[in-house]
Asks: 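Below is the structure I would like to discuss, written out as structure tokens.
None of these values were measured; they are calculated from a predicted model. Below, read A as the first sequence line, B as the second, and so on, with proteins coming before strands; counting in each chain starts at 1. Atom set for the values below is all heavy atoms of this structure, side chains included, hydrogens, waters and symmetry mates excluded.
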Amino acid sequence: MVTEMRDTTSQASAAHGAALDEVGVRLAGKYMTFKLAAELYGIEILKVRELIRLMEITRVPGTKPFIRGVINLRGKVIPVVDLRMKFGMGELTATEQTVIIVVQYQFKGQELTMGVLVDEVLEVLRLAPDQIEPPPDFGTGGIDIRYIMGVGNSDKRVVLLMDIGQVLSAEESAQLQVTMDREPGKGAGTAASQDS
Amino acid sequence: MAKSLNERIRATFLEEGNEQLEALGALLLELEAHPGDAESIAALLRIAHNFKGAAGTAGFPTLANVAHATEEVLERLRDAKIAAVGGVFDRLFATVDELKAQLGRLADGHEPDELGALVNELKNLGLGSVVLTPVAPHGGDVVLGEYDLVRIKVLRKRGFRILRLTLSPPHTDAKVWKWARQVAQKLRTEGDVIGTEPRETEFKAGLKFDLLVVVLATVHADAELRALLSPLGADNFELVDLYAKTAEASPDYLKRPTTVRQSLKVDVERVDNLVDMIGELVVVQSMVANAPEFGAAASRRISNCLSQLTRITRELQDAGLRLRMVPLVGVFQHLSRMVRDLSHKTTKEVVFTTSGENVEMDRGMVEHVVDPLVHMLRNAIDHGIEAPEERQRCGKPSAGRISLSAYHQGGSIVLDVVDDGRGLDRAKILAKARERGLLREEVTPSDAELLNLVFESGFSTATEVTEISGRGVGMDVVRKHVEEMRGRVAITSTPGVGTTIKIVLPLTLAIIDGMLIGCGSERYILPTIAIVESLRPAPAALSSVAGRHQMLSLRGHLLPLVSLAELFHVNDGCNDPCRGLVVVVESVGRRVGLVVDDVLAQQQVVIKNLGQGLGRAPFLSGAAILPDGRVGLILNVDEVAAFSTSMSTRSVGGRRTELASPQGEVAAGAPASTSP
């Protein structure tokens with residue numbers, strides 16, 4: 001199976017060669033795809049624990065603005081992150097399609113569970129190595145490259161493969177303590193005009 | 001997974017060995033307090049014997065040898081061959097400590113040390129001292145060891161009856177011991193003598209007794225036994241079948257091993273998991289019970305089912321919490337031992353009494369409660385209790401009394417440490433506090449305030465530093481630990497009469513009594529223990545400092561006010577104390593008035609961690625699920641109080657913008673304060 005895929009990859013682009021091959025093989029697998037504004041993202045299916053419909057979120061004062069608050073997931077308190085806010089796409093407004101994806105991942109030996117607020121969940125997509133490319137250089141604008149592991153192509157759609165562990169790394173929370181984020185609305189506000 | 005049998009035996013030995021040594025220590029204390037207590041000695045022997053066996057099986061002959069020598073000392077004590085004096089106990093305690101240390105070595109992967117010297121010492125222990133004649137009055141019951149009990153078990157399986165014969169000797173002259181010996185010999189021909197009282201080893205000239213008690217295993221009927229013994233003039237005996245169904249007289253020593261409470265060792269994580277799941281169940285249950293749909297249905301059946309569900313869930317929650325509760329007895333034993341050692345070291349005489357060993361506490365709390373108690377007891381011995389001569393001069397008994405008691409009061413657990421020593425020296429405390437700058441010269445604190453100064457860090461009135469205490473660390477540790485457990489500590493003292501320190505702790509760390517307070521559309525939980533009072537002040541009682549910080553004049557004291565709406569940027573929250581409410585909270589001696597919209601309800605809540613990945617959430621200590629299923633945040637009163645007091649002392653310069661600014665809409669009318 002893998003060798004077969006490798007063949008197609010090398011056929012497709014001999015120039016990119018080993019590097020591309022490597023990213024594809026590493027990232028190939030199933031992804032849960034979802035929409036943020038008009039963009040399509042994917043999270044590794046192994047990190048998705050469940051999907052829940054939007055519920056009452058309790059705001060936690062003093063935390064970063066992209067942290068919407070905490071919810072009660074069957075007795076466990078988990079934080080919920082607004083990805084649109086995080087990526088400067090403006091605050092998400094709830095609709096019928098709004099969903100919280102509950103993700104679980106290992107971080108520094110600890111199991112972290114958190115909810116990710118997205119506009120709409122689409123489908124589970126299987127990506128073969130030849131459908132995945134390394135992330136392009138977005139330049140200074142747009143989403144921080146650190147959060148994107150690769151770009152998947154499927155049915156002429158482009159899926160940005162998100163490294164959800166990176167999105168809420170401890171580095172972020174460390175920063176959080178130092179700068180209590182003086183102006184939450186600013187960064188998000190400018191971007192909001194584009195899509196909301 | 002691939003643990004060899006040997007490894008597993010060793011692991012079991014390490015685990016159980018420690019427990020056995022704990023038990024040995026506790027029993028030694030007991031025996032020292034009541035010398036000649038046959039039951040304690042029997043139990044000590046049994047445990048030492050088990051330890052010996054386990055050590056041998058696990059392949060640690062050196063430890064087995066020590067245990068064997070200990071057993072011999074105990075036997076000599078039992079048979080009153082050596083006197084039960086302090087020196088012997090010191091040695092035995094030291095031996096237990098040594099064995100514990102060796103187990104520690106084993107746990108770290110080392111081999112045990114060579115302990116030949118210790119074994120020799122034990123072998124000769126007490127032998128040089130006076131050999132006492134038996135002092136324990138005879139006529140008591142038979143003392144059976146572990147071995148005897150096993151024998152009884154085996155014999156019963158073979159169909160023997162286990163009888164207790166109580167025989168009165170026909171005469172009580174000097175030859176009565178010969179009669180006893182004859183009886184025993186006779187009985188042995190027709191059965192198995194398990195034990196006698198007096199013991200058979202004592203059947204020799206000079207023995208005097210009124211009754212001979214024999215525990216006998218036999219297949220013969222009662223009449224046959226009487227016939228057997230009548231030639232000796234011993235046919236007039238009382239006979240009890242110890243295992244007969246009707247015998248209510250079955251003595252304790254036979255019951256004990258069979259009715260040992262069955263217990264199960266369970267991984268703590270599993271218990272915690274279970275308790276967590278029960279917590280979830282409780283939440284879901286209350287969501288169901290409060291669902292308006294059910295209320296609308298107004299069906300008798302549904303409401304019956306719901307109330308049953310509520311009851312069962314509550315019981316389940318109680319049972320779940322009880323799983324984590326352990327009695328304080330282990331801690332108390334540890335402390336008794338410590339008091340004993342300390343009093344020997346200081347040459348002060350101390351009678352230490354404990355009560356409430358069976359009061360149960362959350363496992364996590366028991367660990368935290370040890371340190372404060374250690375400090376309190378050390379202080380009581382070192383500073384509280386006077387030297388014997390001094391006590392006599394004051395007309396007190398030369399031995400000081402310290403008591404430690406645990407009991408339930410309301411929804412709390414109370415631990416009292418009471419000593420009858422000299423009490424706290426108020427003048428000294430005052431002088432020390434002024435010297436250390438804790439109090440200004442002109443301030444005269446109230447008595448309670450004055451006594452509470454001893455909880456300040458680095459505070460010690462002891463004139464000299466001793467090995468035990470006086471370095472000024474201690475009482476602040478007590479307060480720190482207690483407050484970490486959301487408890488309180490109070491001290492009262494009467495000069496010359498003694499000191500009482502009272503620790504009040506919540507029943508469990510997992511649940512708190514909270515007050516649900518409203519702030520705009522949001523709700524927060526305030527730990528009830530921190531609340532002093534709540535009031536709606538008159539506008540005249542308010543004053544402001546540096547134009548912004550509000551203060552409330554309350555019974556002559558100025559109280560800094562903190563608006564929750566401002567602190568947490570709640571848009572629709574109330575900032576005006578005269579429209580909302582002021583909840584006065586206290587933490588670490590600091591009082592702050594919290595301005596809120598309303599106090600909604602009192603609520604017991606299960607404390608949850610705020611989810612990880614949130615980063616730091618200022619002024620919050622956790623979260624809880626409210627009855628409607630939503631998450632409520634628990635206020636960290638310490639942080640709020642610390643913040644407000646630092647704010648009011650720094651005042652002016654607008655340092656508070658750091659926390660109270662942004663989100664534009666809240667910092668209303670404060671454009672000047674946006675850039676610090």
Asks: Taking all atoms of both residues into account, what is the closest heavy-atom pair of Arg59(A) and Phe568(B), and its distance?
Replies: NH2-O, 2.6 Å

Asks: Ser521(B): which residues meet the side-chain hydrogen bond (donor to acceptor under 3.5 Å, both in side chains) condition with it, sequence neighbours left out?
Replies: Asp572(B)

Asks: Considering only heavy atoms, give the residues of residues 43-51 of chain A separated from chain B by less than 4.5 Å, sorted numerically, with 'none' for an empty result.
Replies: none

Asks: Restricting to side-chain hydrogen bond (donor to acceptor under 3.5 Å, both in side chains), what partner residues turn up for Asn72(A), sequence neighbours left out?
Replies: none

Asks: Are the side chains of Pro61(A) and Leu633(B) in touch, meaning some heavy atoms are under 4.5 Å apart?
Replies: yes

Asks: Name all residues meeting the side-chain hydrogen bond (donor to acceptor under 3.5 Å, both in side chains) criterion together with Glu123(A); count only those two or more places apart in sequence or in a different chain, and write none if there are none.
Replies: Arg157(A)

Asks: Roughly how far apart are Arg523(B) CZ and Thr58(A) OG1, rounded to 0.5 Å?
Replies: 7.5 Å

Asks: When rounded to the nearest 0.5 angstrom, what is the spacing between NZ in Lys76(A) and CE in Met277(B)?
Replies: 13.0 Å

Asks: Does a sphere of radius 6.0 Å around CD in Glu315(B) hold more than 12 heavy atoms from other residues, nucleotides or ligands, not counting ones at 6.0 Å or beyond?
Replies: yes

